[in-house]
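What follows is a set of notes on a single structure, which appears directly below.
All heavy atoms count here, side chains included; hydrogens, waters and symmetry mates do not. All ligand and atom numbering here is 1-based and tracks the order in the structure. If you read the sequence from its start, that first residue is 1, and numbering goes on from there.
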Amino acid sequence: VGHIGIFGAGSIGTAFALLFADASFAVRIYDPDPVALDRSKQMADLRATELRRFGLLASELAEVRDQIEFVSSASAAASGAILVQEAGPENVQAKQQIFSTLTSVTGPETILASSSSAIPSSRFADAGSAPRTLIGHPGNPPYLLRVVEVVGNPSTDEGVISQTGELYKRAGLTAVRVNREIDGFVFNRLQGAVLREAYGLVDADIIDPLDLDALVRDGLGLRWSVIGPFATSDLNVRGGIPAHAERMGPAYQRMVGQLRTSDEWTDALIAKVNSARRKVMPIEQWDEAVADRDVQLMKHLRARD
Ligand SMILES: NC(=O)c1ccc[n+]([C@@H]2O[C@H](COP(=O)([O-])OP(=O)(O)OC[C@H]3O[C@@H](n4cnc5c(N)ncnc54)[C@H](O)[C@@H]3O)[C@@H](O)[C@H]2O)c1
């Protein structure tokens, strides 16, 4: 059937390896840095054990381990793969170099998907393989936020887009099609829109950064963990979307552009948010806080229908 190749054994590459291995795909993961490859092996074990503990792993631990091969050669990982998931550094030059390597070590049967957070694939796809190149942008961490944005470039084959979506679905991900490439795709544009307003409100001293986080954590975010913003509008006003638009539309339109003339994240503004965060979480506790966030997410996922 062919295997899944992973390029880059950092946090995203390792996570994809886990997801595909748990869905019984044979996985070969490559990184030019032997230290990264070693770390990835440990991380995969640790994460799989945690997921198992919360009932979020479909296969047995040993099965997942057996499905992943850690390789130090690019062609060993990519050659003959049905899909290569690229998870290297987030910059155009690195991705251009990786995709030119991928083009030379794979044949037309291999789909080339990039995990890029914000760079459209037309900026780094190799001319020879652009029709089988696309974006598969995951949430972070991908085994907990089980969603992936599938975004073609103007030359991507329609069949490649649907086949990639199918492979992600088999790996337990909700594959969401983004119709046209755009910086940041949709996930990070939405995240950016919220951050733009959040920084604006803090800059204008309308709210404390920690209070803003509390509003999202206990309010908006809790609701968004079961339905999206359009479903929210549909359910918030009897009569659904048109009734909501009639009642709330003018108020939302008044808010546009009310706060700031510049969207710049100034040093002073960053310092203000940082100092609020440092009061509740010393930066030395960063790893612990990430682990704790993931435990909270696993508890939520376990409790979901
Ligand atoms: N971290 C996130 O929140 C997140 C979420 C979604 C998508 N992404 C995207 O996924 C990609 C990887 O992110 P990450 O957080 O795992 O980064 P990372 O820094 O943890 O890992 C990148 C890995 O790529 C390796 N690498 C460097 N050159 C390479 C090459 N030529 N070939 C193969 N591997 C190479 C590095 O050694 C490193 O291990 C980026 O494009 C990032 O934007 C990240």
Note: with side-chain heavy atoms under 4.5 Å as the link, the other cluster members for Val35 come out as none
Parallel, tilted or perpendicular: which fits the ring planes of Tyr168 and Phe16, with parallel below 30° and perpendicular above 60°? tilted
* Side chains of Asp45 and Gln42: do they bring a donor and an acceptor to under 3.5 Å? -> no
With sequence neighbours left out, the residues meeting ring pair (Phe, Tyr, Trp, His ring centres under 6.0 Å) with Tyr199 are Trp265
Those residues with a heavy-atom separation under 4.0 Å from ligand 1 are Phe7, Gly8, Ala9, Gly10, Ser11, Ile12, Tyr30, Asp31, Pro32, Asp33, Ala36, Ala87, Gly88, Pro89, Glu90, Lys95, Ile98, Ser115, Ser116, Ser117, His137, Pro138, Asn140
Besides Leu190, the hydrophobic cluster formed by Ile, Leu, Val, Met, Phe, Trp and Tyr side chains linked at under 4.5 Å, directly or via other members, contains Phe7, Tyr30, Val71, Val84, Val92, Ile98, Phe99, Leu102, Leu112, Ile119, Phe124, Ile135, Val151, Val178, Phe185, Val186
Q.
For a quick check under 3.5 Å, do Ser115 and Gln85 share a side-chain donor-acceptor pair by atom type?
A. yes
